[in-house]
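Here's the structure, in structure tokens; my notes come after.
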Amino acid sequence: MIVQACLNGARPRDYHPRLPTTPDTMAADGAACILAGAAELHIHPRGADGRESLAAIDDTMLAMRRACPGTLIGVSTGAWIEGDVERTRDCISRWRVLPDYASVNLSEPDAPAVIGLLHRMGVGVEAGLATVADAERLAALADRHRVFRVLIEIEAQDPAGADAIADGIARVLARADIVRPILLHGFDDTVWHFVARARQKRWSTRVGLEDGRLLMNGERASDNTELVAEAAALYRRSAT
């Protein structure tokens with residue numbers, strides 16, 4: 001059970017005044033989140049124009065490694081980032097400062113090829129499942145047991161409906177005997193609902209400005225570290 005900090009995601013710069021979008025601000029924010037209780041970091045590197053970029057991985061990872069030595073760091077491979085299958089694969093193949101793992105959305109058509117490429121490069125795969133169909137697709141892959149972790153990421157905003165999706169995914173994983181660490185998280189209105197649910201199931205979770213900017217009491221968090229500190233405090237209580 002860990003709390004992962006998801007620092008920025010695809011959020012626009014005006015989403016929050018402390019959203020980190022440069023290698024240096026991501027590195028500083030990551031180090032602060034580790035001190036606040038995060039065990040790992042998940043980032044979406046940005047180019048000089050502030051847009052997400054798979055080509056920006058090396059510079060960003062270099063800054064992150066310097067600021068957060070020994071910390072597991074993951075990145076996104078979302079198909080929307082480059083918007084082209086061949087360019088996505090090419091950018092990934094050119095990485096030289098490798099992340100520890102990369103998230104791959106099973107909803108994306110090229111997901112199996114991206115998973116295979118990452119495995120050949122020695123980068124762990126965080127298999128992103130947003131629907132039961134995603135879980136079934138993972139279960140059908142020959143290298144399903146090699147994934148570093150299963151990321152259950154629920155975008156539905158109705159808690160009951162979101163729970164039903166998460167439960168359905170868990171049933172598919174159990175039926176396919178995919179026994180891998182699970183990280184469960186929500187988005188916007190369901191962030192804290194799923195932090196609590198993950199804690200109850202003794203799964204990992206994540207918080208940060210990628211997923212939402214509000215604290216449990218509904219007030220806006222001052223930054224990523226405040227979100228992480230609140231989630232980490234919940235998880236510490238579950239261990240006592």
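- Linking Ile, Leu, Val, Met, Phe, Trp and Tyr residues whenever their side-chain heavy atoms come within less than 4.5 Å places Val123 and Met61 in a single cluster.
- In this structure, Arg18 does not pair ionically with Glu226, as no charged nitrogen and carboxylate oxygen lie closer than 4.0 Å.
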TODO: Evaluate salt bridge (charged side-chain N to carboxylate O under 4.0 Å, His left out) for Asp188 paired with Arg11, printing each intermediate quantity in order.
DONE: CA-CA 12 Å; Asp188 286 337; Arg11 300 289 190 179; 2.8 Å; yes

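- Using modelled atom types, one finds a donor on one side chain and an acceptor on the other under 3.5 Å when comparing Asp163 with His193.
- For Arg137, the CZ atom counts as densely surrounded, since its 6.0 Å shell holds more than 12 non-hydrogen atoms of other residues, nucleotides or ligands.
- At least one side-chain heavy atom of Val3 sits less than 4.5 Å from a side-chain heavy atom of Thr205.
- Counted by atom type alone, Ser107 and Asn105 present zero donor-acceptor pairs between their side chains at under 3.5 Å.
- Between Arg144 and Asp177 there is no salt bridge, since none of the side-chain N atoms of the basic residue sits less than 4.0 Å from a carboxylate O of the acidic one.
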Open item on the list: Please evaluate residues Leu54 and Thr88 with respect to the criterion side chain to side chain contact (heavy atoms under 4.5 Å, CB included), reporting the C-alpha separation (whole Å), side-chain torsions for both, the decisive distance (0.1 Å), and the verdict.
Closed with: CA-CA 7 Å; Leu54 295 181; Thr88 294; 3.7 Å; yes

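- Trp203 and Leu72 fall into different hydrophobic clusters, where Ile, Leu, Val, Met, Phe, Trp and Tyr side chains are chained together by heavy-atom contacts under 4.5 Å.
- Residues satisfying the side-chain hydrogen bond (donor to acceptor under 3.5 Å, both in side chains) criterion with Asp24, sequence neighbours excluded, are absent altogether.
- A distance-only check finds no donor-acceptor pair linking the side chain of Glu82 to the backbone of Cys91 [under 3.5 Å].
- Qualifying ring-ring contact (aromatic ring centres under 6.0 Å, His included) partners for Tyr101, counting only residues two or more places apart in sequence or in other chains: Phe148.
- Residues Arg149 and Arg180 have side chains not in contact (no heavy-atom distance under 4.5 Å, counting atoms from C-beta outward).
- A donor-acceptor distance shorter than 3.5 angstrom exists from the side chain of Gln157 to the backbone of Glu155, with no hydrogens or angles considered.
- Put simply, the side chain of Thr60 does not reach to within 4.5 Å of the side chain of Arg46, judged on heavy atoms.
- Residues Ile154 and Ala166 come closest through the heavy atom pair CD1-N, 4.1 Å.
- Defined by atom type and a distance below 3.5 Å, a donor-acceptor pair is missing between the side-chain atoms of His42 and Gln4.
- Under the 4.5 Å side-chain heavy-atom criterion for Ile, Leu, Val, Met, Phe, Trp and Tyr, Ile2 and Phe194 are members of distinct hydrophobic clusters.
- In plain terms, the two heavy atoms of Ala32 and Thr225 that are nearest each other are CB-CG2, 3.4 Å.
- When atom types are taken as modelled, the side chain of Asp84 and the backbone of Arg87 share a donor-acceptor pair closer than 3.5 angstrom.
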